[in-house]
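One structure is given here, and the rest of the page talks about it.
Just so we're clear, the structure is a prediction, and the values are computed from it rather than from any experiment. Lettering follows sequence order; numbering is per chain, from 1.
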Amino acid sequence: MSGNHKFFSPIDIHKLIFRIGEVSKICNVSPRQLRYWDQKGFIKSSRHDESSSRVYDFINLVRIGLIKSYLDQGYTLKAAVEHTDNKQETMRNIHRFLDHTVYGVKNTNGHTMINLGYFDKEKTSYLYGYLDDNNDTVYKVVPVDKKLD
DNA sequence: CTTCTTACA
DNA sequence: TGTAAGTA
């Protein structure tokens with residue numbers, strides 16, 4: 001089973017950009033630190049040319065926030081960056097997995113049922129997953145032609 | 001007004 | 001890492 005590309009972003013997140021002042025306020029990191037991390041290669045900013053202002057996209061905004069959180073937890077900058085690398089790698093894998101796994105979403109008696117694709121090789125039924133009222137994960141195999149509600 | 005670099009504490 | 005200076 002492969003993703004049906006049903007869930008796409010309505011906006012181009014690569015055009016969601018911030019300059020150093022905004023990043024500083026959002027992430028609680030001083031501009032001085034950001035320039036230092038930049039110089040050290042721990043984060044990368046794009047610039048139209050040398051000496052123009054640094055621009056950060058959303059991914060790097062998140063990255064900076066993660067590094068900051070690890071610093072606050074007591075890690076050294078080097079360690080914080082390593083933890084952030086691992087975290088972002090994990091996030092990428094999770095997103096990739098979901099992109100190719102989630103087949104659709106269906107609302108049924110108060111629950112959001114996630115269609116996880118065909119359950120069997122013969123494609124006779126779907127595997128659905130959802131969270132019940134106690135936030136416990138529940139899986140259900142449902143014939144393709146059967147109505148869910 | 002914001003950001004940049006450089007330099008000093 | 002914070003801050004000051006002089007720019008762009």
Side-chain angles (χ1 to χ4, degrees), chain A residues 1-119 123 126-142 144 148-149:
Chain A
M1 68 189 83
S2 62
N4 58 2
H5 301 262
K6 219 171 190 174
F7 309 104
F8 61 92
S9 175
I11 63 172
D12 185 354
I13 66 168
H14 298 298
K15 292 177 181 172
L16 192 59
I17 56 177
F18 309 85
R19 294 204 301 173
I20 203 168
E22 292 174 291
V23 174
S24 177
K25 283 183 284 188
I26 294 171
C27 299
N28 265 295
V29 177
S30 71
R32 178 74 170 85
Q33 282 177 297
L34 291 171
R35 295 191 182 100
Y36 179 70
W37 298 357
D38 203 325
Q39 174 205 327
K40 283 291 187 178
F42 295 143
I43 58 177
K44 42 262 150 207
S45 61
S46 60
R47 283 202 268 187
H48 294 162
D49 60 81
E50 183 99 14
S51 84
S52 66
S53 57
R54 275 164 257 254
V55 178
Y56 303 87
D57 62 16
F58 184 70
I59 295 299
N60 278 289
L61 184 78
V62 172
R63 178 178 180 76
I64 290 163
L66 284 172
I67 295 175
K68 167 66 172 171
S69 72
Y70 285 121
L71 283 178
D72 290 344
Q73 291 173 44
Y75 291 103
T76 63
L77 178 55
K78 176 179 163 61
V81 170
E82 287 171 355
H83 279 276
T84 298
D85 286 338
N86 292 332
K87 174 74 78 177
Q88 294 202 293
E89 165 92 35
T90 297
M91 296 301 277
R92 274 196 297 277
N93 284 325
I94 290 176
H95 284 310
R96 191 145 46 86
F97 177 82
L98 290 178
D99 275 344
H100 290 275
T101 298
V102 177
Y103 206 77
V105 178
K106 183 170 281 189
N107 255 337
T108 301
N109 44 344
H111 292 130
T112 296
M113 313 270 297
I114 313 286
N115 186 334
L116 300 174
Y118 293 114
F119 178 71
K123 302 181 176 179
Y126 289 127
L127 173 65
Y128 277 88
Y130 67 94
L131 297 177
D132 67 13
D133 296 330
N134 297 317
N135 269 339
D136 287 323
T137 310
V138 180
Y139 291 105
K140 222 166 189 174
V141 177
V142 180
V144 171
L148 254 187
D149 39 19

Would you kindly give the [atom1]-to-[atom2] distance between [X] and [N], to the nearest whole Å?
| X | N | atom1 | atom2 | result |
| --- | --- | --- | --- | --- |
| Q39(A) | dT3(B) | CD | P | 19 Å |
| W37(A) | dG2(C) | CH2 | P | 10 Å |
| K25(A) | dC1(B) | NZ | P | 13 Å |
| H48(A) | dT3(B) | NE2 | P | 15 Å |
| L34(A) | dT5(B) | CG | C1' | 16 Å |
| Y36(A) | dT5(B) | OH | P | 16 Å |

On the nucleotide [N], are OP1 or OP2 found under 4.0 Å from the side-chain N or O atoms that [X] carries?
| X | N | result |
| --- | --- | --- |
| R54(A) | dC4(B) | yes |
| S30(A) | dG2(C) | yes |
| R35(A) | dC4(B) | yes |
| R47(A) | dT5(B) | yes |

| said: Between E22(A) and R19(A), does any side-chain N to carboxylate O distance fall below 4.0 Å? | reply: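 Salt bridge absent between E22(A) and R19(A).
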| query | Using 30° and 60° as the class limits, which term best fits the ring planes of Y126(A) and Y118(A): parallel, tilted or perpendicular? | reply |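 The rings of Y126(A) and Y118(A) lie parallel, inter-plane angle below 30°.
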| message | My understanding is that only one of I59(A), V29(A), T84(A) makes a side-chain contact (heavy atoms from CB on, under 4.5 Å) with I64(A); could you say which? | response |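 The passing option is V29(A).
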| message | Both R32(A) and R19(A) contact DNA chain B. Which one's nearest nucleotide lies toward the 5' end? | response |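 The answer here is R19(A).
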| Does a donor on one side chain sit under 3.5 Å from an acceptor on the other, for R63(A) and N60(A)? |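 Note: R63(A) and N60(A) side chains miss the donor-acceptor criterion.
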| task | If dA8(C) has a Watson-Crick or G-U wobble mate with both distances under 3.5 Å, name it; if not, just say none. | result |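 When the pairing criteria are applied, dT2(B) turns out to be the nucleotide that pairs with dA8(C).
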